[in-house]
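Before any comments, here is the structure.
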Amino acid sequence: MANSGRKSFQLLAAAASNLCQLTNGFAVSMSSYGVPQMLKGEGGLQFTEEQTSWFASMLAIGQLTGAVHGGFVSDKIGRKKSILIDCVGLALSFLMIGYFEDFNLILLGRFLAGHFIGSNMVATPIFVGEISQPSIRSFTGSMLMIEYCSGFTLSMLLGAIFPWRTVACLAALFPAVGFCIMLVMKESPSWLLRQKCNEEANGSLTFYRGNPDVVREELDRMQDNINRIEKQKSAMGDSDFQRLKCQLKRLTESTFLKPFILLNLMLNIGLEWGGFPALAYYMHTILEEVKVPVDPYSLAVVLSAFRSVICIGLSFILFKVPRRPMYMLSGSMVAFSLFCQAAFAWLTPYISADIMVYARWIPLLALFLQYLGFSLGWGAIMYIMQGEILPSDMRSIGSGLLGIIDNVFLFLSVKSIPTLISSVGVGGMFSIYCVMVLGVLCIAFFTMPETKGMSLEDIEDFYTAMKQTQQTMNEKKLTQNV
């Protein structure tokens, strides 16, 4: 079978594994329309403000434990099995939210939903990155954000039609479908090769590539890379203590630390402190604060739909263009939109009524621009690179640590929003977000590698070469000093 004929298998595996992230869109948006219904007793259950606040925040707490779980399980039993567990757990957790009437059990369901979402956010980018060939990895990597945005929009639409408990039950369908499709997909060939399952790795890569020559070449490169890493590890010894010591040493090596720090900046500062959690969790509140001349509830649905449509449409552009310029362009759009929102909020008291008739549309246009930048690559490129630039032997651990840190930053970002609005106002909040995005752009300009069209082994060799060059320069300096 021709190599191009197997792209459909890679696309199907990427789409199925990311169905959990489509369900994540349901989980995040559910508090937006679910909390008002809970306070009014719609859907048959009525809760207090304190209870609903726990319902909203419990998702982030669950994601924190899920990140630890996903990193460990995907490394020990495989990426595919980890995703299968996530699918089952997510389906059951949403059924708990939808069917149980006891608040504590609903809260437990909400925690479990966050847990398996957090786990899947670790396992899926790794799995997708390892099964996708370079020519389509941009598109398969962007599926995480495409499906999340689609789930967010679909949830908002269903939430406007059905009670929140009905929407929760409907959300359980998507991970169930993902589970069925993933059963017939193959495990990551890279992971299998590291487990010494050479025949299974060959079968897996043949399933995803089809062309025997391509399979042989890729497997040889994977094996050479694994042999180099194992040679480094063998020099550290074979005992458990020595292996732990080796792993801790790997965490401090530049081949891991440089891409890990870059990913943390892109995710935990660029996204979590780039204004997007504020829009996701407090969209209606922010829309009312900036006084958009449109009904906030209708606009929330329109904004969500716009982001989904643009994210899907622009994924085909992301598929063809280099990562670096697209990341810089999309980030610049996000920064400019945040600047416009901050400036409007600060200057509103000084704008005359005649000018305000036209100026009041500025925040609305800025919000659309912010979502356009997000869909153009600011949201997706980080997740694409998560499965690319971390070294193969540290991919699971690195993604797990990234998920843990991300959820801490997400929790802090979401919890700080009411405080920021009450203390420095919407203008001050958007000013902080703008400065954060500009900082990430500056650092990424000097440190972000171009990975389009490169194999995972080529990317890993890039950071290894950087380390060797630095060592050579240090040796020359020592020689000169002597």
Side-chain angles (χ1 to χ4, degrees), residues 18-49 51-60 62 86-117 120 146-180 279-288 294-309 311-312 371:
N18 277 302
L19 280 173
C20 288
Q21 292 311 308
L22 188 146
T23 316
N24 183 19
F26 274 78
V28 171
S29 61
M30 186 169 288
S31 61
S32 181
Y33 58 82
V35 167
Q37 293 182 27
M38 294 174 191
L39 292 172
K40 296 176 183 177
E42 297 176 5
L45 298 175
Q46 186 168 10
F47 300 123
T48 65
E49 287 190 11
Q51 288 174 316
T52 55
S53 69
W54 276 108
F55 179 87
S57 61
M58 188 57 69
L59 189 73
D86 296 336
C87 288
V88 174
L90 262 179
L92 293 176
S93 63
F94 270 90
L95 289 175
M96 289 178 65
I97 296 170
Y99 277 107
F100 289 142
E101 296 186 358
D102 182 77
F103 178 73
N104 292 325
L105 291 176
I106 293 174
L107 208 60
L108 175 60
R110 185 75 168 167
F111 170 82
L112 291 175
H115 176 86
F116 290 109
I117 286 168
N120 186 259
I146 291 172
E147 296 198 32
Y148 166 77
C149 294
S150 299
F152 192 99
T153 302
L154 182 59
S155 176
M156 294 287 280
L157 286 172
L158 292 174
I161 301 171
F162 301 106
W164 66 272
R165 299 180 70 194
T166 303
V167 178
C169 293
L170 292 173
L173 292 173
F174 298 102
V177 172
F179 177 85
C180 295
L279 291 178
Y281 287 85
Y282 289 89
M283 182 177 289
H284 296 91
T285 302
I286 290 174
L287 292 176
E288 290 174 356
V294 183
D295 175 58
Y297 290 89
S298 301
L299 182 58
V301 177
V302 172
L303 280 170
S304 301
F306 172 79
R307 181 175 63 170
S308 297
V309 171
C311 195
I312 294 171
Y371 270 154

Taking distance alone, no hydrogens or angles, what donor-acceptor pairs closer than 3.5 Å link side-chain atoms of residues 108-116 to residues at least two apart or in another chain?
unit_1	atom_1	unit_2	atom_2	d
R110	NE	F55	O	2.7
R110	NH1	A27	O	2.8
R110	NH2	A27	O	3.2
H115	ND1	T65	OG1	2.8
H115	ND1	G66	N	3.3

Subject >> CD1 on I146 to CD on Q21, rounded to 0.5 Å >> reply: 13.0 Å
**OP:** Answer yes or no: is there a donor N or O on one side and an acceptor on the other, between the side chain of Q46 and the main chain of M38, under 3.5 Å?
**Re:** no
**OP:** Give the C-alpha distance, both sets of side-chain angles, the deciding distance and a yes or no for side-chain contact (heavy atoms from CB on, under 4.5 Å) between I117 and T23.
**Re:** CA-CA 8 Å; I117 286 168; T23 316; 5.8 Å; no
**OP:** Can you measure from CG (L154) to CD (E147) and round to the nearest 0.5 angstrom?
**Re:** 12.0 Å
Original post:
Below 4.5 Å, heavy atoms only, C-beta onward: do C20 and C87 meet side chain to side chain?
Top reply: yes
**OP:** Could you check if a side-chain atom of V28 sits within less than 4.5 angstrom of a side-chain atom of L59, using non-hydrogen atoms only?
**Re:** yes
**OP:** Would you confirm whether N120, through its side chain, and D86, through its main-chain N or O, come within 3.5 Å as a donor-acceptor pair?
**Re:** no
Side-chain donor-acceptor pairs of residues 89-99 under 3.5 Å, sequence neighbours excluded:
unit_1	atom_1	unit_2	atom_2	d
S93	OG	G89	O	3.1
S93	OG	L90	O	2.8

Subject >> Value rounded to 0.5 Å, distance of CG in L303 from CE in M156 >> reply: 9.0 Å
Original post:
How would you list, by chain and number, every residue that makes a ring-ring contact (aromatic ring centres under 6.0 Å, His included) with F103, sequence neighbours excluded?
Top reply: F47
Original post:
Sequence neighbours excluded, which residues qualify as ring-ring contact (aromatic ring centres under 6.0 Å, His included) partners of F26?
Top reply: F174
**OP:** Please identify each residue that fulfils ring-ring contact (aromatic ring centres under 6.0 Å, His included) with F152, with sequence neighbours left out.
**Re:** none
**OP:** Not counting sequence neighbours, list each pair that qualifies as a side chain to side chain donor-acceptor pair (under 3.5 Å) and has a residue in residues 148-173.
**Re:** S29-S155, Y33-S155, T153-S308
